[in-house]
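Before any comments, here is the structure.
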Number of protein chains: 2
Amino acid sequence: MQKQEVTIYDVAREAGVSMATVSRVVNGNTNVRKETRDKVSAVIERLHYQPNAVAQGLASKKTTTVGLIVPGLTNLHFAELSKGIDDIASMYKYNIILSSVENNLLSEEKVIQGLLNKQVDGVIYMSNSMSNKAREAFARTNTPVVLAGTIDESNEFGSVSIDFKTAENDVFNLFYKDGKRKLALAVGDEGAFINKGNRIVYYKEFLEKNNLGAANVYDHITSYEDGYELADKLLADNVDAIMVTRDLPAAGLVNALTDKGIKIPEQLEIVSATSTNIAKVVRPHLTTVQQPLYDIGAVAMRMLTKLMNKEELDEKHISLGYTLQYGQTTLNK
Amino acid sequence: MQKQEVTIYDVAREAGVSMATVSRVVNGNTNVRKETRDKVSAVIERLHYQPNAVAQGLASKKTTTVGLIVPGLTNLHFAELSKGIDDIASMYKYNIILSSVENNLLSEEKVIQGLLNKQVDGVIYMSNSMSNKAREAFARTNTPVVLAGTIDESNEFGSVSIDFKTAENDVFNLFYKDGKRKLALAVGDEGAFINKGNRIVYYKEFLEKNNLGAANVYDHITSYEDGYELADKLLADNVDAIMVTRDLPAAGLVNALTDKGIKIPEQLEIVSATSTNIAKVVRPHLTTVQQPLYDIGAVAMRMLTKLMNKEELDEKHISLGYTLQYGQTTLNK
DNA sequence: ATGAAAGCGCTAACAC
DNA sequence: GTGTTAGCGCTTTCAT
């Protein structure tokens, strides 16, 4: 921290008013005569006075800071969400403290406690599922929390996301309609993979309902290389359609199959459950579930501002629409 | 901000010591008898006491918070840098306040002033070039600043990056060696495009030195679509080799040329000056300048911690090595 | 080794 | 409309 050269006290002295008046001017309180306001403003300008937000925070018990918990910076999925959050946050003059929980240097619980100690006014949570210790810490401090792009089983927190179940059913129905019967699911690692547990459940329900036999779930499919190496297994298992939870490994899979001379989508259909720039870069283009990531982030942040203002929420969970983006990795009959 | 249930004062009372002693225990000061320490620790545990970092910040004039200024969250290039920064920051117990300057809601200067008002202990700057007003604000508060992945003409700040000039010369030499003579350069928009001005200068110097005729600089090539649409222009201009400053538009260009039946790299060589996941997803794979982004971020953050501790720097600018990653978009003779 | 007390820079009653 | 005065929760001399 730097040496604080000029304080509210200096301004008060120079302007010949009390610090209370300066505070009023700084905070736009209307109970100040125009002349006084102008006089004070001039001094503020002249001395380059800038309020110390830390002192403001201590005195007012508001820091205009929100914590952001992401499972990983380098996943574009979260970057897109963050952008929506960031835009709304800056619109409402909030700063964002970024906390990544991908490196396990600190446990999620410690990271959250650190955020709470910094007296953030609220938290946006984008990871997969929250530990109980973390829940307790939030409860103890009653700091508002909103989940963005993920859901909360306990319905304890506000949340904004698409309807994952319907989306997944749409994908498998598409496969089914295209005549595919050996359907598979590839999921990534915990944490970064939203709603992983439920996704597997939905998948199995679909198989059962349609009498499609045993499940083929491929786990830990996270990187491009994971996707690339998945190709052989799929061929060995005679899979003819697969939903992959991220587009990066999906792109790896597409390239691997192309290298092997497999016809996509004729022999194997592929859909990615998330969509970033990568989906359009790869050839053939991926068919994806297009989540309105920016909007999810923006709506979540908007919801958080309401919570921080102690406003009532119309609904605790907001479900945003998704679109099935038809690319060239499905037949689209 | 939440209601602060338990303060250092409560702990002091419960433990039968003064708040000064509690403070010592919390901060690991050794001048406390073991018994006292244990007694206090027990109370802290029991009451779930957590120090209020805002109050600590005000009293100690250190917030253990650093500001991060990025030109855009959704550019993986900055995400990779941020990850290196984040890892080192959390190692040294610093929190990160993220400030994106891509939306022009707030001017860069205002964003920086906001960070300074929050009393950040230091700033990592990743944007292209800093406004003078921003420089003045930093100078007024003497907050340490380190540039990550970009350079500072004025040499006012610490910085960590690759040697852009040598890297660019390597690329154009590669083209030249492969027999290409109509060399072009595609650059993106200001801000997000590091070192844009110099890149053009280096390019022109190369042309001149090798008697390669007039320059072909294509500006505002930022998105995938920009790259895709660039193809026609390049063909019209008879360009036979081009360096593109980002891999996303480079991928668009590759796909466009492939769609037109142009042979890469025989008819046209392409090199991207940055490299992310996209470079390996596109077919043919991009030849890229591979910057050690994670390391640049990590080293920059490490440098900042030294500055924040008032340590002397061995060198103000650290230059990290890059590698020319040979893909399939150059002949590589 | 421990405690008392003075701030850190600001906000927010409460007076006038 | 403006000033006075307590704090906010903590760190940090300075005593002891």
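Hydrogens, waters and symmetry mates play no part in the numbers below; they use all other heavy atoms, side chains included. Proteins get letters first, then strands, A, B, ... in listed order; numbering begins at 1 in each. Since the structure is predicted, the reported quantities are computational estimates derived from the model, not experimental observations.
- We find that B/Lys61 and B/Asp121 are not joined by a salt bridge, their nearest charged nitrogen and carboxylate oxygen being 4.0 Å or further apart.
- Distance A/Lys34 NZ to D/dG1 P: 14 Å, rounded to the nearest Å.
- Of the two residues near DNA chain C, B/Thr21 and A/Tyr9, the one whose nearest nucleotide lies more 5' is B/Thr21.
- Among the nucleotides D/dC10, C/dG9, C/dA1, the one closest to the side chain of B/Asn52 is D/dC10.
- A salt bridge is defined here as a Lys NZ or Arg NE, NH1 or NH2 lying under 4.0 Å from an Asp or Glu carboxylate O, and A/Asp86 with A/Lys83 fails to meet this definition.
- A straight line from NZ of A/Lys118 to P of D/dG9 spans 18 Å, rounded to a whole angstrom.
- Taking atom CG of residue B/Asn29 and atom P of nucleotide C/dT2, one finds them 11 Å apart after rounding to whole Å.
- Judged by distance alone, the side chains of B/Tyr125 and B/Glu108 do bring a donor and an acceptor atom under 3.5 Å apart.
- For A/Arg46 and A/Glu14, the salt-bridge test passes: some basic side-chain N is under 4.0 Å from an acidic carboxylate O.
- Between A/Ser18 and the phosphate of D/dG3, there is a side-chain N or O to OP1/OP2 separation shorter than 4.0 Å.
- Note: CD (A/Gln119) to P (C/dC10) measures 19 Å, nearest angstrom.
- Per the geometry, CG belonging to B/Leu116 stands 16 Å off C1' belonging to C/dG9, to the nearest Å.
- Counting heavy-atom neighbours within 6.0 Å of A/Lys133 NZ, excluding the residue itself, gives a total of 12 or less.
- Rounded to whole Å, atom P of D/dC8 lies 9 Å from atom CG of A/Leu58.
- A/Ile44 has its CD1 atom 10 Å from the P atom of C/dC10, to the nearest Å.
- Counting only N and O atoms by type, the side chains of B/Gln113 and B/Asn117 include a donor and acceptor under 3.5 Å apart.
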Going 5' to 3' through nucleotides 11-16 of chain D and flagging B where a protein heavy-atom sits under 4.0 Å of the base, S where only the sugar-phosphate is that close, and - otherwise, we get BB----
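- Contact annotation: A/Lys62 side-chain N/O to D/dC8 OP1/OP2 distance is not under 4.0 Å.
- Residue B/Val17 places its side chain closer to C/dG3 than to any other of C/dA1, D/dT2, C/dG3.
- Here the CD1 atom belonging to B/Ile97 is positioned 6.0 Å from the NZ atom belonging to B/Lys118, to the nearest 0.5 angstrom.
- In this structure, the CZ atom of B/Arg13 is 17 Å from the C1' atom of C/dG3, given to the nearest Å.
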